[in-house]
Amino acid sequence: MKITKLVTLAAGTAIAIVGSASLASAQKWDMPMAYSATNFHSEHGVIFADKVREYSGGKMDITVHPGGSLFKGGEIKRAIQTGQAPIGERFMSAHANELPILAWDNQPFLATTYEDGDKLWAAAKDTVNAALAGQNLTALYTCPWPGQGFYFKKEVNSSADTQGVKFRSYNSTTATFAEELGMLPVQVEAAELSQALATGVAEAFISSGSTGYDRKVWEHLTHYYKVNAWLPRNYVMVNSAAWAGLDADVQAAITKAADETGAACAAKSAELADWYFEQLEANGMTVTDAGPEFLAELKTIGAKMQADWLATTGAEGQAIVDAYNAM
Ligand code: PCA
């Protein structure tokens with residue numbers, strides 16, 4: 001009896017050793033993400049990590065940290081650039097203040113469908129990737145949010161109704177948009193949005209139905225105006241030096257996983273777009289198209305903002321718009 005036990009124990013120990021040896025040979029990467037765990041972007045981060053594990057035969061083991069839990073949204077890019085995190089995800093146009101070209105997906109009414117968004121990305125991709133490379137970053141995949149519209153806590157028919165409203169912006173473009181409408185912008189991460197609305201720091205914002213649903217904004221706000229002003233993207237990026245240090249087969253595994261995940265995430269975004277509106281309505285919000293007067297004002301402001309962006313980005317920005325228009 002004693003002998004059997006010993007043998008069992010020994011066998012168990014041997015298995016444990018083999019198990020940890022194969023785990024130890026896997027490279028482990030932590031992947032900070034900015035949005036909540038149940039958001040489709042974050043869920044696709046997990047799908048991506050699973051695919052990488054599978055395609056690399058277990059050589060790369062990525063752990064996703066959603067909701068700004070490892071690094072806050074605003075800290076993720078710097079953390080990757082400096083190698084504090086090898087990989088991570090962030091809202092691309094949040095970086096337009098340091099790299100204006102990254103506002104390519106934030107140009108009002110330039111690309112307002114998923115299909116046009118894909119064309120615009122095809123037109124912008126090389127320029128964007130070159131700009132990121134200059135910051136020690138390599139983009140792996142991007143994924144669009146649904147179209148952007150406005151949340152308020154009252155009926156809004158024109159800029160006469162938006163004067164002095166405290167507005168949560170998510171980048172410099174949306175802050176400018178708000179100012180043009182006489183609102184007072186304050187930048188707040190999606191992760192802190194519910195709190196900002198609850199404390200009155202913000203009482204309006206622009207976003208997709210997705211973020212309104214994630215943050216249960218019906219607890220504080222009443223109206224959503226569909227505008228489809230643009231479909232901004234999140235992107236998953238790696239530190240270029242960390243990337244260069246990977247074996248070619250691991251790089252290929254990650255690239256394959258990234259290509260598949262980017263496509264799946266975009267399809268999910270399109271599939272969920274109207275569902276989010278239904279959820280907002282089911283929770284008591286009024287969801288309608290922006291009225292003609294408000295929309296006309298938004299288009300005028302949008303044209304001015306695009307002109308400003310082209311003035312800032314010069315030939316590079318113009319080449320993206322020209323290539324897109326030629327598609
Ligand atoms: N949700 C994100 C960015 C765009 C979107 O739809 C947010 O509001 O932070």
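Each ligand, and each atom within it, is numbered from 1 in the order the structure gives.
The aromatic rings of H95 and Y235 lie perpendicular to each other, with more than 60° between the two planes, well past the 30° mark. The aromatic rings of H41 and W145 lie tilted to each other, with the angle between the two planes from 30° to 60°.
F294 meets the ring pair (Phe, Tyr, Trp, His ring centres under 6.0 Å) test with F150; sequence neighbours excluded. By the ring pair (Phe, Tyr, Trp, His ring centres under 6.0 Å) test, Y224 is found to be paired with Y151, F277, residues two or more places apart in sequence or in another chain being considered.
Residue contact annotation: Y35 has a non-hydrogen atom under 4.0 Å from ligand 1.
Against a heavy-atom cut-off of under 4.0 Å, A190 is close to the following atoms of ligand 1: 9 (O).
Annotation: atom 9 (O) of ligand 1 to nearest protein heavy atom, R168 NH2, 2.8 Å. Distance from atom 3 (C) of ligand 1 to its nearest protein heavy atom, with residue and atom name: F91 CE1, 3.6 Å.
Of the polar atoms of T211, at least one N or O is found under 3.5 Å from an N or O of ligand 1, judged by distance alone. Between S208 and ligand 1, at least one N/O pair is under 3.5 Å apart.
Considering each of S169, P144, S207, the one bringing a non-hydrogen atom nearest atom 5 (C) of ligand 1 is S207.
In summary, E297 and K304 do not engage in a salt bridge, as defined by a charged side-chain N under 4.0 Å from a carboxylate O. The residues K154 and D161 are annotated as not salt-bridged, no charged nitrogen and carboxylate oxygen being separated by less than 4.0 angstrom.
In Q148, the part holding a heavy atom less than 4.0 Å from any atom of ligand 1 is the side chain.
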